[in-house]
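Letters A, B, ... are given to chains in the order of the sequence lines, protein chains preceding strands, and every chain is numbered from 1. The figures that follow rest on heavy atoms only: side chains count, while hydrogens, waters and symmetry mates do not.
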Amino acid sequence: MSEQSYYDLVYYITQKIPLGRVSTYGDIADYLSLGSARMVGWALTQSNRAGVGDVPAHRVVNSKGELSGRHNFATPTLMQERLEAEGVLVKNDKVQNFKELRWHPEELDES
DNA sequence: CAGCTGACGCATA
DNA sequence: GTATGCGCCAGCT
């Protein structure tokens, strides 16, 4: 792949998250060697704001499985609704069974 | 140019 | 489990 900005890499990984699964900022940041999970959140913020393609940002949560970015979506409930629509159970703004639903970017490398 | 903020993460107390 | 601090880096005031 050519040299891309960190957001492009984040978008790429985010789009690769299997449906019904979730990932974390830390895992993505570490995989892309961004050095900071904040950069991942920022890239996603820009993506949903500008509506860049189809970036399932709702599948990206923090290390605790909490929907920390729900407030950044069109509506605070959109993130949870989308996750539940994909089969991910969300309770109290937290992904249930998160530990099992957690998806690691490195799986792409093994694929 | 300086400082603050922010969809985070981890260590420590 | 809650509170505080540090690192991290881009963007905005």
Write out all pairs satisfying side chain to side chain donor-acceptor pair (under 3.5 Å) with one or both partners inside residues 90-101 of chain A, taking only residues at least two apart or from two chains.
-> A:R70-A:D93
By side chain to side chain contact (heavy atoms under 4.5 Å, CB included), A:A57 pairs with (sequence neighbours left out) A:L44, A:F73
Residues in side chain to side chain donor-acceptor pair (under 3.5 Å) contact with A:E66, at least two apart in sequence or another chain | A:N62
Who passes side chain to side chain donor-acceptor pair (under 3.5 Å) against A:E107, sequence neighbours left out?
-> A:W103
From OH of A:Y11 across to C1' of B:dA7 the rounded distance in Å is 13 Å
Spacing of A:L78 atom CG relative to B:dA7 atom P, expressed in whole Å = 17 Å
What is the distance from CE of A:M39 to P of C:dC9, rounded to the nearest Å?
-> 8 Å
What pairs of nitrogen or oxygen atoms, one from the protein and one from nucleotides 9-11 of chain B, lie under 3.5 Å apart?
| unit_1 | atom_1 | unit_2 | atom_2 | d |
| --- | --- | --- | --- | --- |
| B:dG9 | OP1 | A:S63 | N | 2.9 |
| B:dG9 | OP2 | A:S63 | N | 3.0 |
| B:dG9 | OP2 | A:S63 | OG | 3.3 |

Value in whole Å for how far the C1' atom of B:dT5 lies from CG of A:N72 | 14 Å
Might you list the N or O atoms of the protein lying below 3.5 Å from N or O atoms in nucleotides 11-13 of chain C, with each pair's distance?
| unit_1 | atom_1 | unit_2 | atom_2 | d |
| --- | --- | --- | --- | --- |
| C:dG11 | OP1 | A:Y7 | OH | 3.4 |

Nearest heavy atoms of A:L19 and A:E86, plus distance in Å | CD2-O, 3.7 Å
Whole-Å distance between B:dG6 C1' and A:N48 CG?
-> 14 Å
Which residues satisfy the side chain to side chain donor-acceptor pair (under 3.5 Å) test with A:T77, sequence neighbours excluded?
-> A:E81
With sugar-phosphate meaning primed atoms plus P, OP1 and OP2, does A:A57 contact a base, only sugar-phosphate, or nothing at under 4.0 Å between heavy atoms?
-> base
Taking only residues two or more places apart in sequence or in another chain, which ones pass side chain to side chain contact (heavy atoms under 4.5 Å, CB included) with A:Y6?
-> A:L34, A:M39, A:A43
Atom CG of A:L83 and atom P of B:dA7 are separated, to the nearest Å, by 18 Å
Return each pair, listed once, that meets side chain to side chain donor-acceptor pair (under 3.5 Å) where at least one residue sits in residues 28-37 of chain A; pairs must be two or more places apart or across chains.
-> none
